[in-house]
Novice: 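Structure below; questions to follow.
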Amino acid sequence: MIRRLYDWTMGLAGHRNAIWALAAVSFVESSIFPIPPDVLMIPMILAMPWRAFHIAMVCTVASVLGGLLGYAIGHGFMETIGQPVLDFYGKAQSFDELAARFNAYGGWAVLVAGVTPFPYKVITIFSGATALSLPLFMAVSVVARALRFFLVAWLLWKFGAPIRDFIERRLGLLFTLFVILLIGGFYAARHL
């Protein structure tokens, strides 16, 4: 099933309405869809490098809006399904403790999920379930998703096709290292 979804998504990259398909994939990937928008974005930018930053902007806006849907899903499921289940098992207190811990560092979780291969949709839903501050969630989502998509767009615009293999194989590792360095820098600045 995943392979068919991947092939279907790749086929959209060459379609005349590819930008709308990219927006749709970016939107649903942030809440439920398993295939990241990069599989559409990369071939589109390679085919039209002069539109790289426009494509990245479409990806960013649609992804952040999709993240808002994920937040709403988390918030709605928690009220209708999650809370009764937790109450039945006597775990409502445990969730409240986890939610408080998550919300203390939730902005970082959104940032990390937004730029690394960690499924962003998991954090969008969990952010809604724990009632993470919506303005914080939205602000960090904009920064994280823009960072991810504009960096990919810039690399493809600057280096073209040879960078495609590098991006597809190592982008997750590079983003993870970037986040570790970013957090380490904040930690060092705070404690030194």
Side-chain angles (χ1 to χ4, degrees), residues 2 5 9 22-41 56-152 171-172 174-191:
I2 297 294
L5 280 173
T9 305
L22 176 64
V25 168
S26 297
F27 180 84
V28 296
E29 182 272 337
S30 295
S31 53
I32 56 172
F33 195 59
I35 307 296
D38 304 71
V39 299
L40 259 178
M41 187 175 114
M57 179 60 77
V58 168
C59 243
T60 300
V61 170
S63 182
V64 170
L65 292 175
L68 188 57
L69 173 63
Y71 186 99
I73 289 170
H75 188 73
F77 279 151
M78 198 55 211
E79 293 173 358
T80 59
I81 297 170
Q83 195 62 46
V85 170
L86 290 173
D87 289 339
F88 178 78
Y89 288 106
K91 298 293 185 184
Q93 182 75 15
S94 298
F95 180 79
D96 292 340
E97 292 170 13
L98 176 62
R101 277 186 279 155
F102 177 80
N103 285 341
Y105 301 101
W108 287 108
V110 173
L111 178 68
V112 168
V115 298
T116 66
F118 185 85
Y120 177 62
K121 67 190 87 8
V122 170
I123 293 298
T124 66
I125 292 169
F126 196 69
S127 294
T130 62
L132 179 68
S133 163
L134 186 57
L136 173 66
F137 171 79
M138 292 300 293
V140 176
S141 289
V142 167
V143 169
R145 297 316 259 180
L147 180 63
R148 175 178 175 185
F149 297 130
F150 276 90
L151 180 58
V152 170
L171 187 61
L174 290 174
F175 276 126
T176 302
L177 289 174
F178 170 77
V179 169
I180 289 169
L181 290 172
L182 180 69
I183 292 171
F186 281 117
Y187 181 81
R190 186 175 189 186
H191 296 289

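Values reported hereafter were calculated over all heavy atoms of this structure, with side chains retained and with hydrogens, waters and symmetry mates removed. Residue numbers count from 1 along this sequence.
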Novice: Side chains of Ser133 and Asn103, heavy atoms from C-beta outward: is any pair under 4.5 Å?
Specialist: no
Novice: What distance do Leu111 atom CG and Ile123 atom CD1 have between them, rounded to the nearest 0.5 Å?
Specialist: 11.0 Å
Novice: When rounded to the nearest 0.5 angstrom, what is the spacing between CD in Glu29 and CG in Leu40?
Specialist: 11.5 Å
Novice: How far apart are the closest heavy atoms of Ser127 and Val110, and which atoms are they?
Specialist: OG-CG2, 3.7 Å
Novice: Of all heavy-atom pairs between Pro36 and Arg148, which one has the smallest distance, and what is that distance?
Specialist: CB-NH2, 4.1 Å
Novice: Check Ser30, Ser63, Ser141 against Tyr120 for a side-chain hydrogen bond (donor to acceptor under 3.5 Å, both in side chains) and give me the one that passes.
Specialist: Ser141
Novice: So, do Leu132 and Phe126 sit near enough that their side-chain heavy atoms are less than 4.5 Å apart?
Specialist: no
Novice: Do Phe150 and Met57 make a side-chain contact, defined as non-hydrogen atoms from C-beta onward lying under 4.5 Å apart?
Specialist: yes
Novice: Atom OG1 in Thr130, atom CD1 in Ile125: separation rounded to 0.5 Å?
Specialist: 12.0 Å
Novice: Would you say CE of Met138 has more than 12 non-hydrogen atoms from neighbouring residues, nucleotides or ligands within 6.0 angstrom?
Specialist: yes
Novice: Show the numbers, then the answer: is there a side-chain contact (heavy atoms from CB on, under 4.5 Å) between Trp108 and Val140?
Specialist: CA-CA 8 Å; Trp108 287 108; Val140 176; over 6 Å; no
Novice: Which heavy atom in Thr60 sits nearest to a heavy atom in Arg145, and how many Å separate them?
Specialist: OG1-O, 3.8 Å
Novice: Taking the side chain as everything from C-beta on, heavy atoms only, tell me whether Leu69 gets closer than 4.5 Å to Val28.
Specialist: no
Novice: So, do Lys121 and Ile32 sit near enough that their side-chain heavy atoms are less than 4.5 Å apart?
Specialist: no
Novice: What are the two closest heavy atoms between Pro37 and Cys59, and how far apart are they?
Specialist: CB-SG, 3.7 Å
